[in-house]
Number of protein chains: 2
Amino acid sequence: MPSSPGSSSPSTDRQTDKRRDDAARAAWLYFIGGRTQDEIATQLDLSRQAVQRLVALAVSEKLIKFRLDHPIASCTELAASLAERHGLAFCDVTPSDPAAPGSTSGIAVAAAVRLQRLLASKAPMIVCVGTGRTLRAAVEELDTLDRPQHKVVSLVGAMAAGGQASPYDVVMRLGDKVAAQRYPMPAPVLTETVADREALQSQRAFTVLRELRDQARASFVGISEIGWQAPIQSDGFMTDSDISALIEAGAVGEITGWAFDAEGRPLDSPVNRRVASLPLEIPPQRLTVVVGGGPQKVAPLKAALRGKLMSALITDEATAKALVDQPGDIR
Amino acid sequence: MPSSPGSSSPSTDRQTDKRRDDAARAAWLYFIGGRTQDEIATQLDLSRQAVQRLVALAVSEKLIKFRLDHPIASCTELAASLAERHGLAFCDVTPSDPAAPGSTSGIAVAAAVRLQRLLASKAPMIVCVGTGRTLRAAVEELDTLDRPQHKVVSLVGAMAAGGQASPYDVVMRLGDKVAAQRYPMPAPVLTETVADREALQSQRAFTVLRELRDQARASFVGISEIGWQAPIQSDGFMTDSDISALIEAGAVGEITGWAFDAEGRPLDSPVNRRVASLPLEIPPQRLTVVVGGGPQKVAPLKAALRGKLMSALITDEATAKALVDQPGDIR
DNA sequence: CAGAAGACCGATCATATGCTCAATAACAGA
DNA sequence: TCTGTTATTGAGCATATGATCGGTCTTCTG
């Protein structure tokens, strides 16, 4: 696997553009026009496998998008059940791929649809986002838009302890996609000390973020378990000792860095006092959409639902089923 | 080819629902999940060809949709050029399928995207529509929505002379798709006599339609040539003598039944005095979107652009190219 | 300018998909 | 219940697609 395919050639930009253009055209003819790759090859005067590569490129680069428009009965039922039981503004449930229970692609598409619908509006709007792989994937699924009147605001820092940016930073990419104004949070998830956090948060940038957050129309956040294999640890956002402190304090999950217990109560733990993210507040006028699914996320989601840490949920069928089937199960 | 597969069995509804559900699931796993049909067959406990059929069904019934999200340079250029030259609010140009120059599927998708964006809004809205194959196909491409607050209004009657409804009626289907209130026009395109038209238009229903039209946010209309093979003739909306009268009077095209000449001026012809549709009025506050493309529509589109009969255009690359290349060519 | 590295391309092959057909199952009418 | 009719199914086959491999061409470096 080549490591940096784009950076080697200086004239890559124009080349790439042309290539993507061709890819889009080929994919259009293939999926929308319903032609075969051979026919497209003839029309575009390319070899068949060149067309095959273009189509594959268009799919992998998501120049072409697939959307399901049919209410699958069991998903609809699960969604309605969860929405009603937990007083959610909405709940979207996508089919699961039984062969890949951890896959987030369906959830990402569903989240993208919601985000898209929201951001398509021309009225200036502020949208807050957390971080994480699922949200990042959702942003990749978005159509490009041109909405410089919108603002996208980060609820949580994307820097790991070392100072390097997380590849799962969402604000910047979202800002790119919709050409909106971007407000990243220049902070790690956890500061070293409580004093550091206070110093950080008294900065001007944080005041701005807080003000924007208060006017936001919606927040889209991920959710994660707290544990030894959890992404928040393996991505270097929390140290081993943070994790063990949280586990001892009874943490089952976190949202934007804030750890909570099985009842969905934010923990009164020293670790939580070093969280640099904006506080978890769920005012009714702002939609707080939790996006996530997979077996590891069932317990955190259960807790977050009990603690009313969200006003909407986007998940997959298997997770929704688990949430509906044993809602009271505390582990 | 079986003629009426659905009507034979009384229990079709539930069967069909189940089948569509399965089809949606299979298509989801196939396109979004990226699994092979064999894998899906195993997971769903079906034979491989059963899955193949489900996927094909989902595609043909448009349970699964393909959208291109990439500005193909040449299309973008054509669109910008047309929009600027004719003062259009917007112009969308989709790639053409060189092997099927008359195909409207791309145009239909593009129109669906615009319609979708408009109708997704929750603020009550009135949208007017004409008729025709292209618009009908566009409506088929729409996602289902639930917007009972919207009203969809017909600008033109869908009855042919014989009294039977056209299969290309758009309002009813659009109303179904978005669960909006529907206002069809209970009239033919052309009445028998001028007196008939006046009688029709003095009816209460017409007053309502006119009032709704005046408050409409947008109109989506088709366009057609006037000639011996034109759909408006072969579908029985106009008689042979109507057509010859119009041709003699210099008609090159029609929009919602109103014939116009090469300069885009509505004809002062006896035939036009029998048109039951609402008048062609293009007030700036209401978007009037013409949707159509193909070789036969170049001349009508040219005329309509000259006569400023539209405020926006959705067409395909080949047509756009023809419009840009020889804009002044009168035939 | 030579050499090396890497991207790109087309040929070939394995696999996946879609179509046809014959058998079977479901069904309506008698 | 029987029977003719029609939808549905799976097998087999033709076609389309996707992956691999080796060669070529470009481009960067010494």
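Atom set for the values below is all heavy atoms of this structure, side chains included, hydrogens, waters and symmetry mates excluded. Predicted, not measured: the structure shown is a model, and the values here were computed from it.
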* To do: Please identify each residue that fulfils salt bridge (charged side-chain N to carboxylate O under 4.0 Å, His left out) with A:Glu77, with sequence neighbours left out.
  => none
* To 10°, what angle do the rotation axes through the five end pairs on each side of the helix from C:dC1-D:dG30 to C:dA30-D:dT1 form? -> 40°
Given atom [atom1] of [X] and atom [atom2] of [N], what is their separation to the nearest angstrom?
| X | N | atom1 | atom2 | answer |
| --- | --- | --- | --- | --- |
| A:Leu54 | C:dG10 | CG | C1' | 14 Å |
| B:Leu57 | C:dG18 | CG | C1' | 15 Å |
| A:Gln52 | C:dT17 | CD | P | 13 Å |
| A:Asp22 | C:dC9 | CG | C1' | 15 Å |

* Asked: Going by heavy atoms closer than 4.0 Å, what residues in residues 27-51 of chain A are next to DNA chain D?
  -> A:Tyr30, A:Thr36, A:Gln37, A:Arg48
* **Sidechain N-carboxylate O distance under 4.0 Å for A:Lys18, A:Asp22** => yes
Partner of [X] by side chain to side chain contact (heavy atoms under 4.5 Å, CB included), out of [options]:
| X | options | result |
| --- | --- | --- |
| A:Val324 | A:Leu82, A:Thr319, A:Val93 | A:Leu82 |
| A:Thr134 | A:Val291, A:Ile223, A:Thr315 | A:Val291 |
| B:Asp143 | B:Lys65, B:Lys62, B:Lys177 | B:Lys65 |

* Asked: Should the pair B:Arg114 and B:Phe220 be classed as cation-pi, given the thresholds of under 6.0 Å to the six-membered ring centre and 45° from the axis?
  -> no
* Compute the ring centroids of B:Phe66 and B:Phe31, then answer whether they are less than 6.0 Å apart. => yes
* Sidechain-backbone polar pair: A:Asp69 side chain, B:Thr144 backbone, donor-acceptor under 3.5 Å -> yes
